[in-house]
Trainee: 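One structure, as structure tokens, below. Some questions next.
Reminder, nothing fancy here: chain letters follow the sequence lines and each chain counts from 1.
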Protein chains: 2
Amino acid sequence: MATIDDVAKAAGVSKGTVSSVFSKKRPISRPVTERVLEVAKGLGYYPSHVARSLAIKKTMIAGLKMPISKDSVMSGFEIQMINGVIREFSKQGYRLLLDTLPEHDDPTQFSIDPVDGVIMLNPRKQDPRIERYNQMGIPLVLIGRPDPIEEQISYVDNDNRHLSLQVGQYLINLGHTAILFLNSSADMTVAIDRENGLAEAFQQSGQSYDQVHVMNYSRRQHANPTEYGYVSLKNIYEPNRFTAIITDTDRVALGVMRAARELGIDIPGELSVIALSNDATLAQEMTPALTSVELSAEMLGTEAAKILVEKMKDVDIVEQKIIEAKLVIRESCRLLK
Amino acid sequence: MATIDDVAKAAGVSKGTVSSVFSKKRPISRPVTERVLEVAKGLGYYPSHVARSLAIKKTMIAGLKMPISKDSVMSGFEIQMINGVIREFSKQGYRLLLDTLPEHDDPTQFSIDPVDGVIMLNPRKQDPRIERYNQMGIPLVLIGRPDPIEEQISYVDNDNRHLSLQVGQYLINLGHTAILFLNSSADMTVAIDRENGLAEAFQQSGQSYDQVHVMNYSRRQHANPTEYGYVSLKNIYEPNRFTAIITDTDRVALGVMRAARELGIDIPGELSVIALSNDATLAQEMTPALTSVELSAEMLGTEAAKILVEKMKDVDIVEQKIIEAKLVIRESCRLLK
DNA sequence: CTGAAAGCGCTTACAG
DNA sequence: CTGAAAGCGCTTACAG
């Protein structure tokens, strides 16, 4: 690869001049510009991003910290969210560095990524990385709530508690109190938030939460979300035991519906189904069309990216944003008679 | 941010020593190592990836060049493929830089990304970027075939022509010759390859290809793939005009099935449906389960990544790999009586 | 409008 | 096992 020096020499100018021709940060005369460009082209010269980054201390790259488990694929939720992040960064001229590398405990191996800021997915409890980014002076925005919540941390999240409170109210108003809840993995903060929200709905309406049977997704037990729904219903359904079922995602609901067909259960006649969906493209195509919650995953991503772009200009900016989820009523739930 | 100099001074050693403590490239005595590490921790020092990259001329980052259209979301195919790429790179210790920035004609704006190699999606005809990467000495692997095909270019691809030849033979053997083909966008090389393959199937069996009606997806006409399938069938179906339908993806087939339900067409009784699928997770959940082609999108990604890793070690390596697609027969096609 | 030179924060061959 | 110094390829304040 030709360097700026090669071009400077071949064009008979200083490298400062070559630099200016490419960066346009200071005006260079027409003839000189043309000569430099021509020489550069002949030599196949392109400025080195790395060298420039070192000099200006900016990379125009934003990082997305997202652990990827060995066996599983990205969920519809993650994909949509990433889509939102990419779209926004792309619009603002940033590239995205996907860091899916597993974490290292060896402090010696923890090198700073070449990024101007990072978005971190699903922070864990007391996540030590948050402090580390802070220490490094790298702007950070979380997707998902930090635990514990702190004033100085920027993040975007759904209000999962409120969302399942609404779902609970909706079902209770339809007369459903015997509910099977196919929740997500127990170790996720969302799972807890959702349970609390549902419990609150029951409490508010004076119903006993005992009528709710909660199950959790587990990667060991279930091959995939659809199987989770299918197997769960097949195994534990008895007529009249549940009148409604809340699923983690629409994929889970897909499995539930398949099982229901095989068991001869009419949806929504005998059983109402509602999904706390992660991937809304499917819901409207199912038969019956699935009533679900629209999480706006893409918007979560977009908003996180927007906040990060602001923070990369001014580290002191802090913004916390709750993205509204909305209940989309379709055809899979019915008033209990 | 503390630099290597700060640490060196505070620890009373040279920066070469600090460097060695972190890179482990030469042995440093136990006591010195500990002192350096302690000082580094106190100062919140982490090595700068950018500076190191400049010095060693390697970034351990691979690029994924993938244009993202303003309005559309990634397809299931793209997502799975990216998944494969990420997984393989992650395994090999590389990070992934997603470059979705639109292309610039201004040569002045074309800066080299901080990557050791790149994977490029869907190369266009006579794609000028291929030559450019070559010129820059950056290892390149394509996903999708280059046009024209050249000996020195590495790529992985499906054999789309052969794949639709197989599908054609399968349908013809079932007695279907009046076929509606809901193909992908006309401007993609896959669309052409597929048509050729299907035509070949007809020719081989001595059937007239005139019985095939080909349509192309168009972003302007169709809101999304599902709508494409739905609208197409609604608009042009007349009893006995077609006995089988080949769809671009399973999403398109989903729309076809919805339209068929509304029109009272029995699948597969009256109409056989088969998808040249991009996203196989759906096919098995549909009713009836969709017969489709498994493209192994994830494997395309994995293989491309593997080849790139090799090329990043030795630029001269060239590998071209065809990933076998296989027909997965489920329930949506039936022998024509 | 252009040049000379210091600086960005690392690595590494050379010397001891 | 450790240090001093040159080098990686850019940018930029200073000077003219």
Side-chain angles (χ1 to χ4, degrees), chain A residues 1-37 39-40 43-61 108-116 136-138, chain B residues 1-37 39-40 43-61 108-116 136-138:
Chain A
M1 261 294 298
T3 72
I4 200 170
D5 256 308
D6 303 330
V7 176
K9 264 166 210 149
V13 297
S14 76
K15 36 188 208 166
T17 300
V18 177
S19 174
S20 304
V21 166
F22 280 87
S23 71
K24 294 182 175 139
K25 289 206 179 163
R26 51 183 199 177
I28 301 294
S29 71
R30 186 73 185 281
V32 173
T33 299
E34 278 170 6
R35 184 149 39 94
V36 167
L37 248 25
V39 169
L43 261 43
Y45 167 75
Y46 299 94
S48 154
H49 185 278
V50 170
R52 173 184 298 178
S53 297
L54 180 59
I56 68 177
K57 291 158 157 287
K58 254 167 60 114
T59 62
M60 291 306 280
I61 296 176
T108 254
Q109 295 306 92
F110 190 90
S111 127
I112 286 186
D113 277 342
V115 296
D116 296 338
M136 301 189 292
I138 293 187
Chain B
M1 260 293 298
T3 72
I4 199 171
D5 256 307
D6 303 330
V7 177
K9 263 166 211 150
V13 297
S14 76
K15 37 189 208 165
T17 299
V18 176
S19 174
S20 304
V21 166
F22 280 88
S23 72
K24 295 184 173 137
K25 288 205 180 162
R26 52 182 198 178
I28 300 295
S29 70
R30 186 73 185 281
V32 174
T33 298
E34 279 169 6
R35 183 149 37 95
V36 167
L37 249 24
V39 169
L43 261 44
Y45 168 75
Y46 300 94
S48 154
H49 184 279
V50 171
R52 173 183 299 178
S53 297
L54 180 59
I56 68 178
K57 290 158 157 289
K58 254 167 57 115
T59 62
M60 292 304 282
I61 297 177
T108 255
Q109 295 306 93
F110 190 89
S111 128
I112 286 185
D113 277 343
V115 296
D116 296 338
M136 301 189 293
I138 293 187

Trainee: Can you tell me, in whole Å, how much space there is between the P of D/dC14 and that of D/dC10?
Mentor: 24 Å
Trainee: Please classify the nucleic acid contact of B/I56 as base, sugar-phosphate, or nothing, using heavy-atom distances under 4.0 Å.
Mentor: sugar-phosphate
Trainee: Separation of B/K25 atom NZ from D/dG3 atom P, in whole Å?
Mentor: 19 Å
Trainee: Starting at the 5' end of DNA chain D, which residue's closest nucleotide do you reach first, A/D5 or B/S29?
Mentor: B/S29
Trainee: Using the rule given for side chain to side chain contact (heavy atoms under 4.5 Å, CB included), can you reason through A/I4 versus A/S19, listing the C-alpha separation, both sets of side-chain angles and the distance that settles it, and then say yes or no?
Mentor: CA-CA 7 Å; A/I4 200 170; A/S19 174; 3.9 Å; yes
Trainee: Ignoring hydrogens and angles, write down the donor-acceptor pairs under 3.5 Å from the side chains of residues 9-16 of chain A, residues two or more places apart or on other chains.
Mentor:
unit_1 : atom_1 : unit_2 : atom_2 : d
A/S14  : OG     : A/G16  : N      : 3.4
A/S14  : OG     : A/T17  : N      : 3.3
A/S14  : OG     : A/T17  : OG1    : 3.2

Trainee: Please tell me which of B/A55 and B/T33 maps to the more 5' nucleotide of DNA chain D, matching each residue to the nucleotide holding its nearest heavy atom.
Mentor: B/T33
Trainee: So what does B/V50 touch, heavy atoms closer than 4.0 Å: a base, only the sugar-phosphate, or nothing?
Mentor: nothing
Trainee: Using a 3.5 Å distance criterion without hydrogens, assess whether the side chain of B/T33 forms a donor-acceptor pair with backbone atoms of B/I28.
Mentor: yes
Trainee: Between C1' on C/dT11 and CG on A/L54, what's the gap in Å once rounded to a whole number?
Mentor: 12 Å
Trainee: Does any nucleotide pair with C/dC14 by Watson-Crick or G-U wobble geometry, both distances under 3.5 Å, and what is it?
Mentor: D/dG3
Trainee: Find the distance A/K24:NZ to D/dT12:P and express it as a whole number of Å.
Mentor: 16 Å
Trainee: Nearest of C/dC10, D/dA4, D/dC1 to any side-chain atom of B/K15?
Mentor: C/dC10
Trainee: Measure from the side chain of A/K57, starting at C-beta and using heavy atoms only, and say which of D/dC10, C/dC8, C/dT2 lies closest.
Mentor: C/dC8
Trainee: Between C/dC8 atom C1' and B/I4 atom CD1, what is the distance in whole Å?
Mentor: 13 Å
Trainee: Looking at B/D116 and B/M60, would you say the former's side chain and the latter's main chain have a donor-acceptor pair under 3.5 Å?
Mentor: yes
Trainee: Ignoring hydrogens and angles, does a donor from either the side chain of A/R52 or the base of C/dG7 sit under 3.5 Å from an acceptor on the other?
Mentor: no
Trainee: Picking from D/dA6, D/dG3, C/dA6, which would you name as closest to the side chain of B/S14?
Mentor: D/dG3
